[in-house]
Amino acid sequence: MKTELEQLLRAAIALALPNSTVGDIPLERPRQADHGDFASSIALQLAKAAGCNPRQLAQQIKEALPVSGMIESCDIAGPGFLNFKLRAATRFAVVANVLLSPEQFGRQASGSKGSIQVEFVSSNPTGPLHVGHGRGAAFGASLSNLLDFAGWKVQREYYVNDAGRQMDILTVSTWLRYLSQHAVNLDFPPNGYQGDYVGAMAEALTAHHGASYIKTATEVTAGCPGIPDPILPIDDKQREAQIEAHMDALIHQAKALLGQDWATIHAEVLAEQLDDCRADLEEFGVVFDCWFSEQSLYDSGRVAQVVARLDELGHLYVKDGAVWFKSSAFGDEKDRVVQRENGIYTYFASDIAYHDEKFGRGFDRILNVWGADHHGYIPRVKAALIALGHDASRLVVPLVQFVSLFRNGEKVQMSTRKGQFVTLRELREETGRDAARFFYVLRKSDQALDFDLSLATSESNDNPVYYVQYAHARVHSVLSRWGGDTKELVNSDLSLLGTESEVALAHVLARFPEAADQAATDYAPHSIAFYLRDLAAAFHSCYNSAPFIVAEQPELTRARLALAYSTALVLKLGLSLLGVSAPKQM
RNA sequence: CUGCCCAUAGCUCAGCUGGAUAGAGCAACGGCCUUCUAAGCCGUAGGUCGCAGGUUCGACUCCUGCUGGGCAGGCCA
């Protein structure tokens with residue numbers, strides 16, 4: 001409807017101003033009803049270049065407008081706005097459109113926008129997902145759904161950081177718990193993973209492999225500097241350094257003592273964490289097409305290859321024994337190390353290989369959904385891509401800000417250390433999946449989120465999830481009261497509609513395709529949540545203004561139910577984009 | 001010190017590539033259930049869009065400076 005009107009305007013402008021070049025035609029739905037159904041400020045924009053006053057130009061455009069069955073009137077208002085009023089039949093045509101193909105309403109042809117990869121969550125598989133990851137998951141999943149709906153061919157990917165030190169630390173932590181369960185007593189390192197799940201994995205290790213990994217305490221700590229005594233008067237930096245050195249020595253010692261068994265434990269720990277993570281996300285309605293392993297980049301030699309390529313291109317140099325990438329030559333604020341003095345590649349090196357690999361897969365666009373704390377990392381990745389000859393503008397990084405939990409008005413304290421964090425699983429169990437998914441996307445992603453647990457769990461009118469779901473349930477309640485077949489509703493006489501609240505509802509309904517498309521281009525699932533609230537509000541208003549079922553007027557009843565049912569279908573569609581269910585009863 | 005994000009009603013937040021009288025929810029106040037689910041609706045009140053400049057027909061929106069809050073600046077990931 002909007003695009004048709006846009007074409008009419010374009011034709012009119014071509015006639016009124018033959019020599020002008022017009023970009024996008026501004027066309028908005030005014031807030032105020034007396035400004036019509038659509039308004040355009042195009043005359044104001046073109047007036048200057050055309051050298052005449054805006055109202056005059058608006059008049060010319062109006063007169064050049066092709067005849068159309070959808071427009072009832074076109075007025076010139078204010079400084080030169082063109083206000084369009086639609087015919088009643090045009091206004092309610094949306095109802096028939098929705099009923100004819102409910103799944104397709106607002107959906108754009110698959111692949112019409114090109115292909116896109118969305119990488120999100122990608123948390124280290126070193127422990128359960130917490131509420132921060134939950135936001136990334138909810139955002140990324142909703143965004144992916146939206147992009148798919150708006151015509152992108154979407155691939156959802158989880159990058160698994162299965163290489164590197166954090167995984168080693170988890171493996172050691174598990175092994176140390178295993179040892180202590182077998183009465184080998186050692187001081188547990190403060191930078192080890194301390195959650196209960198580590199102990200559980202240690203028990204599983206015993207169940208699968210018995211006592212075959214037991215070593216003595218002296219063997220394990222041989223060559224370790226030990227954990228600094230808390231009473232020692234050394235500064236925090238020194239203490240930190242010694243703790244890290246102790247951990248490195250433990251890892252080294254574990255690898256030496258266990259030999260092949262180390263790889264077995266490592267693999268088992270990783271598999272267990274990934275399975276848990278996958279299940280957790282699935283229960284949250286978040287499913288990935290691809291789980292991409294960081295380790296595979298090392299195994300296939302891609303990391304070494306990409307570093308070699310940068311070297312051939314002359315973008316590397318050696319300083320202080322380490323290999324540096326000249327990222328400052330490509331927009332980064334300083335150069336970055338890709339290979340450490342000890343010969344080990346940095347995380348950045350594998351990330352370059354990963355992004356190079358992704359670009360090689362031929363996506364038109366690549367999205368990395370990252371926590372906002374990683375924003376400083378963007379320039380160096382882009383720098384690497386540019387250096388490798390890629391078009392870095394194809395990479396977009398939507399940032400997701402932090403989440404704070406509130407219960408009864410008080411902030412829930414969380415710290416990743418000591419495993420004192422609220423997990424996504426706990427959140428889901430407390431609020432339910434629907435509330436969690438909806439609350440997560442109720443705020444702009446680049447805005448810090450205060451997640452109000454009391455509100456999310458309240459079964460009251462304060463809860464915005466219920467507000468939308470209730471509108472959907474209400475429609476079905478009315479439909480079942482009516483008792484007819486909803487398939488018949490397509491043939492209703494929509495010309496019987498026309499009250500103020502009916503017009504308003506149809507108007508919001510017709511906005512859905514634009515809202516979905518805009519939300520996709522803005523990477524802004526939150527605007528769908530807001531749209532759904534608007535739609536529910538328009539429905540509730542309609543519901544209260546007059547009964548849908550009028551006993552002595554079956555035709556009017558059918559027309560009104562057609563409007564109500566199409567509303568329910570769009571509510572369901574919109575909620576499904578956000579991963580929220582649409583119950584028929586509440 | 002430098003970079004990024006944020007600042008809108010008492011509170012939590014929307015505000016579409018610059019458009020007409022800046023919106024919603026909660027809280028406050030006043031109404032609406034013998035009729036399809038009151039988890040709802042209708043109404044009233046509430047604002048110097050952080051401050052100061054600039055760009056123009058027009059600025060919550062764009063630019064600069066300032067104030068106040070969050071985050072980031074490793075041979076960690």
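A quick note: this is a predicted structure, and the numbers were derived from the prediction, not measured. Chain identifiers are assigned alphabetically (A, B, ...) following the order of the sequence lines, protein sequences preceding nucleic acid strands; residue numbering begins at 1 within each chain.
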Check your understanding: Expressed in whole Å, how much space separates the C1' atoms belonging to rG46(B) and rC51(B)?
Key -> 23 Å
Practice item. Indicate whether OP1 or OP2 belonging to rC42(B) is found under 4.0 Å from a side-chain N or O atom of Ser541(A). Key: yes
Practice item. Calculate the interatomic distance between Lys411(A) atom NZ and rG70(B) atom C1'; express it in whole Å. Key: 10 Å
Point to revise | Gap in Å between the two P atoms, one belonging to rC33(B) and one to rG19(B), rounded | key: 42 Å
Check your understanding: Within the structure, does a side-chain N or O atom of Lys334(A) lie under 4.0 Å from either OP1 or OP2 of rG74(B)?
Key -> yes
Review point. Below 4.0 angstrom from OP1 or OP2 of rA38(B), is there any side-chain N or O of Tyr543(A)?
Key: yes
Revision key, fill the gap. Between CG of Leu399(A) and C1' of rG3(B) the distance, given in whole Å, is 13 Å
Point to revise | Spacing between Leu449(A) atom CG and rG70(B) atom P, to the nearest angstrom | key: 17 Å
Practice item. Using a heavy-atom cut-off of under 4.0 Å over every strand shown, decide if His375(A) touches base, sugar-phosphate, or nothing. Key: base
Practice item. Using the P atoms only, state how far rG43(B) lies from rC26(B), rounded to an integer number of Å. Key: 14 Å
Exercise for review: Determine the interatomic distance between C1' on rU2(B) and the same-named atom on rU56(B); round to the nearest Å.
Suggested key: 34 Å
Review point. Are Phe548(A) and Phe539(A) an aromatic pair by the rule of ring centers under 6.0 Å?
Key: yes
Review point. Taking the side chain of Arg443(A) as its heavy atoms from C-beta onward, which of rC36(B), rC13(B), rA77(B) lies nearest to it?
Key: rC13(B)
Check your understanding: When all nucleic acid strands are considered with a 4.0 Å heavy-atom cut-off, which category describes Asp351(A): base, sugar-phosphate, or nothing?
Key -> nothing
Point to revise | Among rA20(B), rA77(B), rC13(B), the nucleotide that comes nearest once only the side chain of Ala39(A) is considered | key: rA20(B)
**Study point:** Donor-acceptor pair, side chain of Arg560(A) and main chain of Pro547(A), under 3.5 angstrom
**Key:** yes
Check your understanding: Under 4.0 angstrom, heavy atoms only, what part of the nucleic acid is Gln518(A) near: base, sugar-phosphate, or nothing?
Key -> sugar-phosphate
Revision key, fill the gap. Per side-chain contact (heavy atoms from CB on, under 4.5 Å), Ser581(A) is matched among Gln469(A), Arg433(A), Arg437(A) by Gln469(A)
**Study point:** P atoms of rC49(B) and rU21(B), separation to the nearest Å
**Key:** 14 Å
Point to revise | Tyr317(A) OH to rC75(B) P, straight-line distance once rounded to whole Å | key: 11 Å
Check your understanding: Taking atom types as they are modelled, is there a donor-acceptor pair under 3.5 Å from the base of rA20(B) to the side chain of Asn83(A)?
Key -> yes
Revision key, fill the gap. Pairing partner of rU67(B), by Watson-Crick or G-U wobble and under 3.5 Å for both distances, is rA7(B)
Check your understanding: Is Arg474(A) near enough to rA38(B) that one of its side-chain N or O atoms lies under 4.0 angstrom from OP1 or OP2?
Key -> yes
Check your understanding: rG18(B) and rC62(B): how far apart are their C1' atoms, nearest whole angstrom?
Key -> 8 Å
Review point. Are Glu157(A) and Lys358(A) close enough for a salt bridge, meaning some N to O gap below 4.0 Å?
Key: no
Check your understanding: Under 6.0 Å between the ring centres of Phe512(A) and Tyr531(A)?
Key -> yes
Practice item. Determine the contact category for Gln45(A): base if any of its heavy atoms lies under 4.0 Å from a base atom, sugar-phosphate if only primed atoms, P, OP1 or OP2 are that close, otherwise nothing. Key: base
Check your understanding: Heavy atoms under 4.0 Å, any strand shown: does Ala471(A) hit a base, just sugar-phosphate, or nothing?
Key -> nothing
Point to revise | Short N-O contact, Asp522(A) and Lys444(A), less than 4.0 angstrom | key: no
Study note, to complete from the structure: Among the nucleotides rC76(B), rG19(B), rC71(B), whichever has the atom closest to the side chain of Arg340(A) is rC76(B)
**Study point:** Phe451(A) ring center near Tyr440(A) ring center (under 6.0 Å)
**Key:** yes
Review point. Counting only side-chain N and O atoms of His526(A), is one of them less than 4.0 Å from OP1 or OP2 of rG15(B)?
Key: yes
Check your understanding: Starting at CZ of Arg380(A) and ending at P of rA77(B), how long is that distance when rounded to a whole Å?
Key -> 11 Å
Practice item. Ignoring hydrogens and angles, state whether a donor on the side chain of Asn368(A) or His355(A) is under 3.5 Å from an acceptor on the partner side chain. Key: yes
Practice item. Would you classify rC42(B) as syn or anti? Syn applies when the glycosidic angle is within 90° of 0. Key: anti
Exercise for review: Describe, in one word, how the ring planes of Phe348(A) and Tyr377(A) are oriented to each other, choosing from parallel (under 30°), tilted (30 to 60°) and perpendicular (over 60°).
Suggested key: perpendicular
Review point. Base, sugar-phosphate, or nothing: which does Pro30(A) touch, judged by heavy atoms less than 4.0 Å apart?
Key: nothing
Revision key, fill the gap. With the side chain defined as heavy atoms from C-beta on, Ser41(A) is closest, among rC75(B), rA14(B), rG19(B), to rG19(B)
Exercise for review: Name the nucleic acid region contacted by Gln401(A), choosing base, sugar-phosphate or nothing; use a 4.0 angstrom heavy-atom cut-off, strictly under.
Suggested key: sugar-phosphate
Practice item. Could you tell me whether the phosphate oxygens of rA24(B), OP1 or OP2, come under 4.0 Å of any side-chain nitrogen or oxygen in Tyr531(A)? Key: no
**Study point:** Nearest listed nucleotide, side chain of Lys444(A), among rC13(B), rG15(B), rU17(B)
**Key:** rG15(B)
**Study point:** Distance, P atom - from rG30(B) to rC36(B), rounded to whole angstrom
**Key:** 27 Å
Review point. Within the structure shown, what part of the strands sits under 4.0 Å from Phe348(A) by heavy-atom distance: base, sugar-phosphate, or nothing?
Key: nothing
Check your understanding: Taking atom types as they are modelled, is there a donor-acceptor pair under 3.5 Å from the base of rC16(B) to the side chain of Glu28(A)?
Key -> yes
Review point. Taking CG from Leu44(A) and P from rG58(B), how many angstroms apart are they, rounded to a whole number?
Key: 12 Å
Review point. Given atom OH of Tyr523(A) and atom C1' of rC16(B), what is their separation to the nearest angstrom?
Key: 16 Å
Check your understanding: Phe530(A) on top of rA24(B)'s base, within under 5.5 Å and under 30°?
Key -> no
Point to revise | Separation of rA77(B) P from Asp248(A) CG (nearest whole Å) | key: 11 Å
Practice item. Check every strand shown and say whether Ala515(A) touches a base, only sugar-phosphate, or nothing at a heavy-atom separation below 4.0 Å. Key: nothing
**Study point:** Nearest-Å distance once atom P is located in both rG73(B) and rC13(B)
**Key:** 25 Å
Exercise for review: Using a 4.0 Å heavy-atom cut-off across all strands, classify Ala538(A) as base, sugar-phosphate, or nothing.
Suggested key: nothing
